[in-house]
Structures are given as C-alpha cells and as structure tokens.
Amino acid sequence: MLIGELSERTGVSRRLLRYYEQQGLLEPVRQTNGYREYCDQAPNVVGHIRSLLAAGLPTAMIAGVLNCVQGDPAEPVLSGCRGMVDGLTAERARVAAEIERLTTSQRALDVLLEAAIHAPE
DNA sequence: TTTCTTACA
DNA sequence: TGTAAGGA
C-alpha cells in the first residue's frame, strides 16, 4: 500500500510516516516512480512504534525491538529478542530512577504545602 | 490525484 | 509537524 493508505489506516500523518522512515523505524520499498510501498504488516508495525514511543523508548532502541515484535499492538508477541532484554532492562532501570527523582520532588513540595497551610496570611 | 524532496514558519 | 514550492 502507498503512504496515503497507510496514513488513513493508522491515523498517522504522511509527514510522520516519512519521519519514522528517516529514523530507521520503517523501511518501505520504493516503486520505480519513487513512491513508498508498504507491506501488509506496516499498519501493525506502526502500532508497535506508537506504543513503544509511548513507553518512552528512544527511537534507536525501538528500531531494534521492532525486529522481534509481532502481532496486534494491543497484544505484542515477542520472538527471538533475548539480546534486547538487557537494553530493555536498562531502560526500565532508567525509568525507575526517574520515578524516584520525581517522588523526591513531590515530597519536597508536600512539605512546603503543609507549611503553607499553617502559615499566617 | 497522489507522491516526492527540501526547507521554512 | 504543517505546509508551500516545483516536479513526475
């Protein structure tokens, strides 16, 4: 299918679809006229890209994960990506650290707000 | 009509 | 990201 159809079926703009290609996330073949030709799995792949992006994964890592993610984006099926586990584990650790940092900020704000409640006008 | 690339707002 | 330009 051409970019227009893929765009309609995924709700992702043509512009963004071309951007995904630039990032190495999608690799459509080119017709003789230069038009991008996407495979039947493209809609699913785009779905995976969106969920992976939502998970906060950097595009560089998404490119790798896409090679072993299949099926409906709602219920991803992973196969043969043991090599990805380390990367994903590291990413999870990064997210956990971020949560800790934010939690610390939240506590600091709570202390301030608590003090504000008792502060005189 | 649809798509392509490049580049600017 | 949207959009315009200039082609195919």
Side-chain angles (χ1 to χ4, degrees):
Chain A
M1 70 185 86
L2 297 180
I3 195 171
E5 186 181 344
L6 181 59
S7 177
E8 278 187 48
R9 303 193 5 184
T10 62
V12 174
S13 71
R14 296 163 170 53
R15 179 76 160 81
L16 192 50
L17 251 16
R18 296 189 184 104
Y19 178 69
Y20 286 165
E21 182 180 352
Q22 275 191 305
Q23 302 305 299
L25 271 31
L26 243 30
E27 40 189 315
V29 298
R30 295 293 185 137
Q31 298 184 324
T32 53
N33 59 11
Y35 286 13
R36 272 167 268 250
E37 171 74 42
Y38 296 90
C39 67
D40 299 338
Q41 289 307 302
N44 271 340
V45 177
V46 172
H48 286 128
I49 290 174
R50 300 190 68 181
S51 56
L52 258 16
L53 240 25
L57 288 183
T59 56
M61 200 176 293
I62 292 179
V65 177
L66 282 179
N67 294 315
C68 40
V69 177
Q70 298 164 38
D72 188 308
E75 283 184 48
V77 176
L78 274 60
S79 59
C81 358
R82 269 133 230 159
M84 291 281 88
V85 177
D86 284 350
L88 292 175
T89 299
E91 184 59 22
R92 213 214 85 110
R94 193 186 65 67
V95 171
E98 187 78 346
I99 289 174
E100 266 195 60
R101 187 179 67 68
L102 291 172
T103 298
T104 297
S105 296
Q106 185 179 50
R107 288 195 183 119
L109 290 171
D110 284 343
V111 171
L112 252 25
L113 287 171
E114 181 59 29
I117 293 176
H118 303 298
E121 289 301 314

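Protein chains get the first letters and strands the later ones, always in sequence-line order, with residue 1 at the start of each.
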message: Check this for me, if you would: do Arg18(A) and Glu21(A) make a salt bridge, where the nitrogen-to-carboxylate-oxygen distance has to be below 4.0 angstrom?
response: no
- prompt: Does Arg14(A) put a side-chain nitrogen or oxygen below 4.0 Å from OP1 or OP2 of dT3(B)?
  reply: yes
Between P of dT2(B) and CG of Leu2(A), the distance in whole Å: 11 Å
- prompt: Expressed in angstrom and rounded to an integer, what is the separation of Asn33(A) atom CG from dT2(B) atom C1'?
  reply: 10 Å
query: Could you give the CZ-to-P distance, from Arg18(A) to dT2(B), as a whole number of Å?
result: 13 Å
statement: The side-chain contact (heavy atoms from CB on, under 4.5 Å) partner of Glu37(A) among Ile3(A), Leu6(A), Val29(A) is Val29(A)
- prompt: Nearest-Å distance, CD (Glu5(A)) to P (dT1(B))?
  reply: 18 Å
query: Starting at OH of Tyr19(A) and ending at P of dT6(B), how long is that distance when rounded to a whole Å?
result: 16 Å
query: In whole angstroms, how far is the P atom of dA8(C) from the CZ atom of Arg30(A)?
result: 17 Å
message: Taking atom types as they are modelled, would you say the side chain of Tyr35(A) forms a donor-acceptor pair with the base of dT2(B) within the 3.5 Å cutoff?
response: yes
query: Can you tell me if the side-chain N/O atoms of Arg15(A) get under 4.0 Å from OP1 or OP2 in dA7(B)?
result: no
query: Just wondering, do Val69(A) and Val45(A) contact through their side chains at under 4.5 Å, heavy atoms?
result: no
field: Pairing partner of dT1(B) (Watson-Crick or G-U wobble, both distances under 3.5 Å)
entry: none
field: Between P of dT1(B) and CD of Gln31(A), the distance in whole Å
entry: 20 Å
- request: For Ile3(A) and dT1(C), give me the distance from atom CD1 to atom C1', rounded to whole Å.
  value: 14 Å
query: Just wondering, are more than 12 heavy atoms of other shown residues or ligands nearer than 6.0 Å to CD in Glu100(A)?
result: no
